[in-house]
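First the structure, in the form of C-alpha cells, and then the observations on it.
Note that the structure is predicted; figures quoted are calculated from it, not measured. Order of the sequence lines sets the chain letters (A, B, ...), proteins ahead of strands, with each chain counted from 1.
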There are 2 protein chains.
Amino acid sequence: MFNNFVYQNPVKILFGKGQIAQLSKQIPADAKILLTYGGGSIFQNGVYEQVKTALEGRNIVEFGGIEANPTYETLMQAVELGRKEGITFLLAVGGGSVLDGTKFIAAAIPFEGEDAWQIVTGKEKYKTAIPLGAVLTLPATGSEMNYYAVISKKSTHEKKGMGGPLVYPKFSILDPETTYSLPPRQIANGIADAFTHVMEQYMTYPVDAQIQDRFAESVIQTLIEVAPKTLENPTDYEARANFMWAATVALNGWIGLGVPQDWATHQIGHEITAFHGVDHARTLAVVLPHLLQYKKADKRAKLIQYAKRVWNLSGTDDELVAGAIQKTGEFYESLGLPIKASEYGVNKETIEKIKQRFVERGMNFGEKADITPEVVAEILEMSIA
Amino acid sequence: MFNNFVYQNPVKILFGKGQIAQLSKQIPADAKILLTYGGGSIFQNGVYEQVKTALEGRNIVEFGGIEANPTYETLMQAVELGRKEGITFLLAVGGGSVLDGTKFIAAAIPFEGEDAWQIVTGKEKYKTAIPLGAVLTLPATGSEMNYYAVISKKSTHEKKGMGGPLVYPKFSILDPETTYSLPPRQIANGIADAFTHVMEQYMTYPVDAQIQDRFAESVIQTLIEVAPKTLENPTDYEARANFMWAATVALNGWIGLGVPQDWATHQIGHEITAFHGVDHARTLAVVLPHLLQYKKADKRAKLIQYAKRVWNLSGTDDELVAGAIQKTGEFYESLGLPIKASEYGVNKETIEKIKQRFVERGMNFGEKADITPEVVAEILEMSIA
C-alpha cells in the first residue's frame, strides 16, 4: 500500500548569511507593511536593525508583543491596527509564535464575520488573506514553510490549530546567525519540537513509503547529530544551519506525503500548555515517550524500524521496541527536557480536566483515531507515575 | 561551510491511482488546450482514454510525435500549430521528452524573436510562457517537478539545456499504474537516469549540508532497493510508486540546495547521444564510472561517505573509494546498461569530435570547473579501453 497524495508548497525560502538584505525585493514596492514581532529580542540581536535597513524608505507600521503561544486577545489588537492602517503586507519577524500569530492576523484583517475566533475553530471559513512574509529567528515550529498556525484563547484556556493555503508565507528568510543569541533553553525546545514533528508523521505504521521514511529518518538523525554541537557552541554556523533547515523540513510537507500521521502528542501537549503554561516543546517531551509505551503494540513495526535505522540498535524485536522508546526519552532528557509531566505540577486533577476537555471535543486522536479521552488520561497518568 | 540557497518550487503534484480523473479541475475552464504526446504509447496503455474522459467537453487540439531527445525541428511544428490555434494551455502527456519538449513549446509560442532556437542557447530571453501541465507516464527525468528541459537540434547535432521559472508545470499527475506497460528497457533507463541525477548533485565534495546529503542517500538507497523489484514485477504497485516518486525528488531541487554540483557526466553524455543516438540514460552509465575513477582524488571524501552510507562497505579509505566506484558500475550493469562506450561504437574518432565540441563551447565542466576538453577525452578513452 502506497497512499495517494497531493502536494504543493509555494513558499520561497531564502536561506543563509545576510539574506535579510534581500527583503526589499520580496515585498511589493507599494505595500503598506505591518511588521509583527514578539517580546523584543529582535532589538537585542540586531535583527530589527537589519530588517529596517533592508526596508529603508518603505511604509512600515509595527506591532510588538506577540507572546509565546500567541493569543487571540493580543492578535486582535494587531488586526484592529492593520485594518485602521490599511495594511497590505504582513512581515513576521521572530519565531514560530510570531509567525503563527501573523497567519491568524492575515486571515482576520479581511474577515467579515462577527467573531474572528471562528477562523480558528474552523466554524467559519475565511476566503482571503493579507499576504505575509517572514524573517525567522527561532528554528522550531516549521511555521516558516507551512500553512499551519496554533492560536490560544486566554479567556477559555483553548489552544487550537488553524491553517490553509491562503496563509502560506510568500517567502521566509532563514539566517542561522540570527539565532546565535538565543537562550539554550529555546534551542533545546526547538530541537525537541522539530524532533517531535518528525515522530508524529513517522512513528505510526508502515505504508511502503520509502522516500518519506528515509527522509524522516534523515531529519531525526541530523537533529540527533547536531543537537549537542549547537547547544555547546551556539556560533558553530554549520551546526546551527543544519538544525535550522532540519526544523523547516520536519514540517514543510515533504516527509508526510501519503503517510498516516499521529499528532496525538501535540493534542495532549496543547492541553498541558493551556492549563499549566508549560513551553510547547516541553509538553511534547512528557507525552511522547509514554504514548509510545502505551501504543507500542500498534506502533511495533515502525518502532523496530526506527530502532534499527535511526539508533542503530540490535537485538530481539522486543528489545528493539524497548530500546527505541528508551532512546526517545533519553534524547529529550539530553536536551534538558524532563519526560515526566509531574515535574510541571501536572497531577490527577489536571488529568481529569484534560480528559474532560477531550470528552467535550467529541473526537479521538492518533493515526487510528483510537486515542480516546480515557487513553489520554492513561498516558498522562504514566507521565506522573 | 554551509552554502546559502534560495528555494521555491510551485509545482502541484497529484500522485497515485486514478489521479488523472482530477485533470479537469487543474486546467482553467475556458482554456484552449494543446495536448502534446510522443510516439503514441498513450493510445496503447489507456492513458489517452483516461485523459480524454477527464477532459470531456473541453476544447482540445492534439500534437503527437515528439521524439525521444525532442528536436527543435519537430517542436517548431507544435509551436506553429499552437500559434495558429490560439492555444492558452499545454498538456504534456508522456515521459521526460514530451515534458521537456512542451516546456520549449510553452516558451516559444509567445516568443517574438526571429529565431526560437535562441531560447535554448540562452542568447535571447523569453519573457512569458503559455502555462503547462503534465501527465507523466515514464519516471526518469524529473522534468515533472522542475523547470529544466533538454532540446536537440537535428540540423547541427546539438543538444542543450534550457529552463526557468516560467516553464514550471502548473501541475503534474503521476499515476504509477500508467507505467505498468512500459518496456523493461525504459524502466531500466529511468532508474539509471534518476540515480545519475542524484549522483551529479551528491558526488562532489562535502559542504556540511547534512539534510541534503541524507536525502540524496535516501533516494539512491530507495532506487537500489526498488530497482530489481520493479524490473521483475512491473505491476508491483508499491515498487513502481516508490521508483516514480524517487525519480521526481531526484531532480526537484530538494537534494541540491546549496551543494556543489557536477553535471559533467550529463554534458559528456549529451554529446554521445548527439553523435551516436544512444539512449540518454545509457550514455550516463558509460561516463559516470570512468569519471569517478578519473576524479577519485577530488571526490575522495564523498566517495568514502557514499561507500559507507549507501553501500554499507567497510575497509581502508582506498578500499572504500575503489568499492564505491565498482558498486556504481555494477549497479548500472545490474539494470542491463553497459558501462563501456565502445559497446555503442564510440571510438577514437568520436572522442576527437566530442573533444572538439567541448573546445568550441569554450568552458569547462564539473563542480570545480576542471573538466576540460582534454579531460573529457581521457574519460571517454577509459570508457572504450
On a heavy-atom basis, which atom in [X] and which in [Y] lie closest, and how many Å separate them?
X: Asn242(A); Y: Asp208(B); result: ND2-O, 2.7 Å
X: Lys12(B); Y: Val6(A); result: CE-CG1, 3.7 Å
X: Glu225(A); Y: Arg309(B); result: OE1-NH2, 4.4 Å
X: Gly16(B); Y: Asn4(A); result: CA-OD1, 3.0 Å

- Message: Suppose we call two aromatic rings close when their centres sit under 6.0 Å apart. Are Tyr7(A) and Trp245(B) close by that rule?
- Response: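 When the ring centroids of Tyr7(A) and Trp245(B) are compared, they turn out to be at least 6.0 Å apart.
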
Would you compute the distance between atom [atom1] of [X] and atom [atom2] of [Y] and round it to the nearest 0.5 angstrom?
X: Phe2(A); Y: Lys17(B); atom1: CZ; atom2: NZ; value: 11.5 Å
X: Glu217(B); Y: Ser218(A); atom1: CD; atom2: OG; value: 7.5 Å
X: Arg214(B); Y: Arg214(A); atom1: CZ; atom2: CZ; value: 14.0 Å

What part of [X] gets within 4.5 angstrom of chain A, counting heavy atoms only: side chain, backbone, both, or neither?
X: Gln19(B); answer: side chain
X: Ala239(B); answer: neither
X: Gln221(B); answer: side chain

- Query: Does any non-hydrogen side-chain atom of Ile13(B) lie less than 4.5 Å from one of Phe5(A)?
  - Reply: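 Sidechains of Ile13(B) and Phe5(A): in contact.
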
- Query: Taking side chain as C-beta onward, heavy atoms only, is Leu257(A) less than 4.5 Å from Phe15(B)?
  - Reply: no

- From CA spacing to verdict: side-chain contact (heavy atoms from CB on, under 4.5 Å), Val219(B), Phe215(A): CA-CA 9 Å; Val219(B) 181; Phe215(A) 280 10; 4.0 Å; yes

- Query: When only pairs under 4.5 Å are counted, which of Met145(A), Gln212(A), Gln22(A) shares the most heavy-atom pairs with chain B?
  - Reply: Gln212(A)

- Note on the structure: Looking only at Val226(B), Asp175(B), Val11(B), most heavy-atom pairs under 4.5 Å shared with chain A are made by Val11(B)

- Task: Keeping the roles fixed (side chain from Glu238(B), backbone from Met1(A)), state whether a donor-acceptor pair exists under 3.5 Å.
- Result: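 Side chain of Glu238(B) to backbone of Met1(A), a donor-acceptor pair under 3.5 Å: yes, one is there.
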
